[in-house]
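Only heavy atoms go into these numbers, but all of them, side chains included; no hydrogens, no water, no symmetry mates. A, B, ... follow the sequence lines: proteins, then strands. Residue 1 opens every chain. Here the structure is a predicted model, which means the values were calculated and not measured.
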Protein chains: 2
Amino acid sequence: MRRIAPDRDQLLAMVAEVFREHGYEGASIALIGAATGLGKGSLYHFFPSGKEEMAGAVIAHIDGWFEENVFVPLQDASEPRVGIERMFEATDRYFRSGRRVCLIGAFALDESRDLFAKAIKSYFTRWVTHLSEALTRAGHSPAKADELAEETVGAIQGALTLARAFDDTAVFSRALQRARAALSAN
Amino acid sequence: MRRIAPDRDQLLAMVAEVFREHGYEGASIALIGAATGLGKGSLYHFFPSGKEEMAGAVIAHIDGWFEENVFVPLQDASEPRVGIERMFEATDRYFRSGRRVCLIGAFALDESRDLFAKAIKSYFTRWVTHLSEALTRAGHSPAKADELAEETVGAIQGALTLARAFDDTAVFSRALQRARAALSAN
DNA sequence: GACTCATTGTACCGATCGGTACAATATCGA
DNA sequence: TCGATATTGTACCGATCGGTACAATGAGTC
């Protein structure tokens, strides 16, 4: 009870990478063990409910990262433009300029969505909502802000797909630049 | 040698649906058999190289559909605006207003991309290229046309992700409308 | 040192994985 | 009708799946 957790963050980050690269079905316990250096004994000790709990924890971990680095900055009431720029910077950093894929977006596509539907919906809803509110504060009408926010988050997700398909990070960078420009225009 | 193939189109369409819903790894031979009503004997008779051949055939089938219904209309030299509108209509029809996911886009995200990288890249490259050329013919500068084409295809892919995440086809419809407007503006 | 309790490796489970072998059955042209 | 070929069902293969059991080890407290 004294020890908080050794490096749960790093552990979850490693597990996340396996789910990102192989998908929920493709990420076998053996692969996760190899990637983390942990045997089944350890993995099932940390995640007694098994694979589904692992994926759930990974989603929650990613969600927490976005909450802290994207959603909170977007809620900065005084300088909405600054918060929006923070979002773009964090997004570019997180997805490594398009080298990395959005695990939550990938889970949304196939049947694994059913297992995590609530978390997936919540993640994207908060992203769009907080961005929309920042845009409203920045001077857009609420309706226009909703439209722009949905368009922006969609553009980011689509750019991740195209960047992977083309194997070209420039696709992602261009999309971020276009989105920045679209949101700055008044 | 006389029989061309009984209903290969329908067969591939059914197999495609399994890959779409479960991903490459998640689509087991048993699931494919259940969805098509064919046993292993038949499946391995039609696709002797197994699962990878099935997925390859499905990708080629989808590619052919887009070639005929999207890329060819986009190449109509006389009326580029008409070709672009055809693209939007076919896209909306194919993805069933966002109820359906893009199998090729989904494959691009995880490790199954490596198996089909060439076909995936070709599919998206042709989509963007043909759209860009149509936009150039419609009066945009080649540079602007490239930008708009990449943005449009990305917006469609992103909208498919969001529509699934939100379980709301309206997200997809709105994205298509925005894209139409963006391409019509001169 | 002794007592906890967290952590780990290993053996094992039934189920399912993708794939093969092959005999039985349709379907066809001659 | 006959022979060739296309199609199918079934039994089976070794490998791997996710998960469980449990004894051995680790580290910290008293």
Report task. Hey, which sits more toward the 5' end of DNA chain C by its nearest nucleotide, Y24(B) or L38(A)? Result -> L38(A)
Requested in this report: Whole angstrom is fine here: how far is it from CZ in F46(A) over to P in dA6(C)?
Outcome: 11 Å
Query raised in the report: Between R174(A) and E150(B), is the closest basic N to carboxylate O distance under 4.0 Å?
Result: yes
Requested in this report: Verify whether one side chain among D114(A) and S112(A) offers a donor that lies under 3.5 Å from an acceptor in the other.
Outcome: no
Report summary line: Between A27(A) and G39(B), whichever has its closest DNA chain D nucleotide further toward 5' is G39(B)
Close N/O contacts between protein and nucleotides 19-21 of chain C (under 3.5 Å):
residue : atom : partner : partner atom : Å
dG19(C) : OP2  : Y44(B)  : OH           : 2.9
dG19(C) : OP2  : K51(B)  : N            : 3.0
dG19(C) : N7   : K40(B)  : NZ           : 2.9
dG19(C) : O6   : K40(B)  : NZ           : 2.1

Query raised in the report: Taking the six-membered ring of Y94(A) as reference, does the NZ or CZ atom of R100(A) fall below 6.0 Å from its centre and within a 45° cone about the axis?
Result: yes
Query raised in the report: Roughly, in whole Å, what's the span from CG in L43(A) to P in dA6(C)?
Result: 18 Å
Report task. Can you establish whether the number of heavy atoms outside R86(A) located under 6.0 Å from its atom CZ is more than 12? Result -> no
Query raised in the report: Expressed in angstrom and rounded to an integer, what is the separation of E25(B) atom CD from dT16(C) atom P?
Result: 18 Å
Query raised in the report: For dC17(D), does either OP1 or OP2 sit under 4.0 Å from a side-chain N or O belonging to S28(A)?
Result: yes
Query raised in the report: Looking at H45(A), does any N or O in its side chain come under 4.0 Å of the phosphate oxygens OP1/OP2 on dT7(C)?
Result: yes
Report task. Let me know the distance between CG of L31(B) and P of dT16(C), rounded to the nearest Å. Result -> 11 Å
Query - R8(B) CZ to dA6(D) C1', straight-line distance once rounded to whole Å - result: 15 Å
Query - side-chain hydrogen bond (donor to acceptor under 3.5 Å, both in side chains) partners of Q75(A), counting only residues at least two apart - result: none
Query raised in the report: Do R126(A) and S122(A) meet the criterion of a side-chain donor-acceptor pair at a distance under 3.5 Å?
Result: yes
